[in-house]
Protein chains: 2
Amino acid sequence: MKAGTDLAQIASLVGDPARANMLAALMNGAALTASELALEAGVTLPTASAHLAKLSAGGLMRMTRQGRHRYYALADHQVAGMLEVIMGVAAALGPKKVLPGPRDNAMREARICYDHLAGEMGVAMFDAFVERDLLAVNGDDVALTKRGTAFFCDFGIDLAAMQGKRRPVCRACLDWSVRRSHLAGSLGAAIFERFVALKWARREKGTRIIRFTPPGRQSFALMLRD
Amino acid sequence: MKAGTDLAQIASLVGDPARANMLAALMNGAALTASELALEAGVTLPTASAHLAKLSAGGLMRMTRQGRHRYYALADHQVAGMLEVIMGVAAALGPKKVLPGPRDNAMREARICYDHLAGEMGVAMFDAFVERDLLAVNGDDVALTKRGTAFFCDFGIDLAAMQGKRRPVCRACLDWSVRRSHLAGSLGAAIFERFVALKWARREKGTRIIRFTPPGRQSFALMLRD
DNA sequence: TTCATAGTTCGATGCTAACCGAAGTGTTGA
DNA sequence: TCAACACTTCGGTTAGCATCGAACTATGAA
């Protein structure tokens, strides 16, 4: 009985559409003001204020004052993780393909998932690698092919250093915004590092968004094609 | 906006106390009748029936008819996992140390978490391994030590077969009933398999409970100690 | 000081949904 | 065929809470 009460308490905080929209808007890790969140949720300021008070009291949010602004953010990683899991269930259950995922275009296009590229560009990259026989997919398993080994070495990645480590080299990671796989593992991380080193892309400070430079975008497209 | 709506839809299903109690009661993996769930939630049959209809329509539950009984169970693993995560957040936030976790003693002591041992015994095992320098914990990372490698080989586990696989060998998994970590990953799974092979323990059919045999319990304690 | 902006608090309103009793459906057993 | 049981559906009541406008507080700028 007690277990259910706790469960309900947290879930009901997330269970209101206005609050859920606010929480979803904060999933990129940024902190937003009360006004911005009100806009995001489609309610007036007083209503938003009441919701924010509840979320804070419930421990799901953390607030910092800065002058006359109050910035709200998710309380911690655990809360963000919980929201991801719930969205995962929602995505798996809802057969409605009506463009799920972040409203934030930049987030949907390219973002950091731990330490590798996710979003539409991440999925496109993964698909291209498989298409070109650089990666071999077998169920949930992903492995480097001979061609792939040559290709990534050529791209400037030290594959030898990854072998035999605890962390898997290739791993498929399900993208909640697109519901398709992208590349994780040490190779996924190394590729993203290389993108940054080549100045093709950089992380936007304080968020999980990845911004590609115009030339970087071009090089990226080229890399997938040939 | 759409993301928030999906989020709210699922969360609000869990967010009602009566429904949350029902879901919590089903977390041991068993299937219960509508009457039993009504009792569990503390509502009358008609009320429970309405809730169960909603949960089923929402995809969180699965129903099977058996004569004049209707058995309700959680839809799948993903749903059970989501509930675990939410309870984890609730436990982390609620400063009420009033003995959180499953009312069911057997569940709290030892249960399956995917494919490895969780619950009090799982946590005790993890602690002992770290204490004895078989595992090295560094933040969220867990790694095998040299001593650990020798120990687990000696215990009859084929560590070589795990290396280089997609799945991590060691992983820490947060236990919602005890709020401490236990061992997951392929090593965690292999250890549990070994327990079963040695007849120290077995899964109770249809539930997530793990039953240790008396000699198994003794051997287990010995294994942790020396 | 005065004005503007950001946010909270208050009071009133209205809608949703949880709830129960009573009646209805379907299954089992006699 | 009838009675008992398990469960669902229906109708009506009630309580909670999301919502908004208006008034209030606090910070910053002129």
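Note that this is a predicted model, so its numbers are computed, not measured. Lettering of chains follows the sequences in order, A, B, ..., and the numbering in each one begins at 1.
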Checklist entry - Which word best sums up how the rings of His116(B) and His182(B) line up, parallel for under 30°, tilted for 30 to 60°, or perpendicular for over 60°? => result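 His116(B) and His182(B): tilted rings.
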Whole-Å distance between [N] [atom2] and [X] [atom1]?
X	N	atom1	atom2	answer
His69(B)	dA4(D)	NE2	P	17 Å
Tyr71(A)	dT27(D)	OH	C1'	14 Å
Glu36(A)	dT5(C)	CD	C1'	14 Å
Leu32(A)	dG7(C)	CG	C1'	15 Å

Checklist entry - In B/S/- notation, 5' to 3', how is nucleotides 17-26 of chain D contacted by protein heavy atoms closer than 4.0 Å? => result -SSBBB----
Any donor-acceptor pair under 3.5 Å from [X] side chain to [Y] backbone:
X	Y	answer
Arg62(A)	Leu74(A)	yes
Arg202(A)	Val196(A)	no
Arg19(B)	Leu13(B)	yes
Ser49(B)	Leu45(B)	no

Next on the checklist: Just to be sure I understand the rule, does Tyr72(A) reach a base, reach only the sugar-phosphate, or reach nothing, if contact means heavy atoms closer than 4.0 Å?
Outcome noted: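 Sugar-phosphate, no base atom in range.
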Item to check | Ile209(B) side chain reached by Arg211(B) side chain, heavy atoms, under 4.5 Å | outcome: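 Arg211(B) reaches Ile209(B) side chain to side chain.
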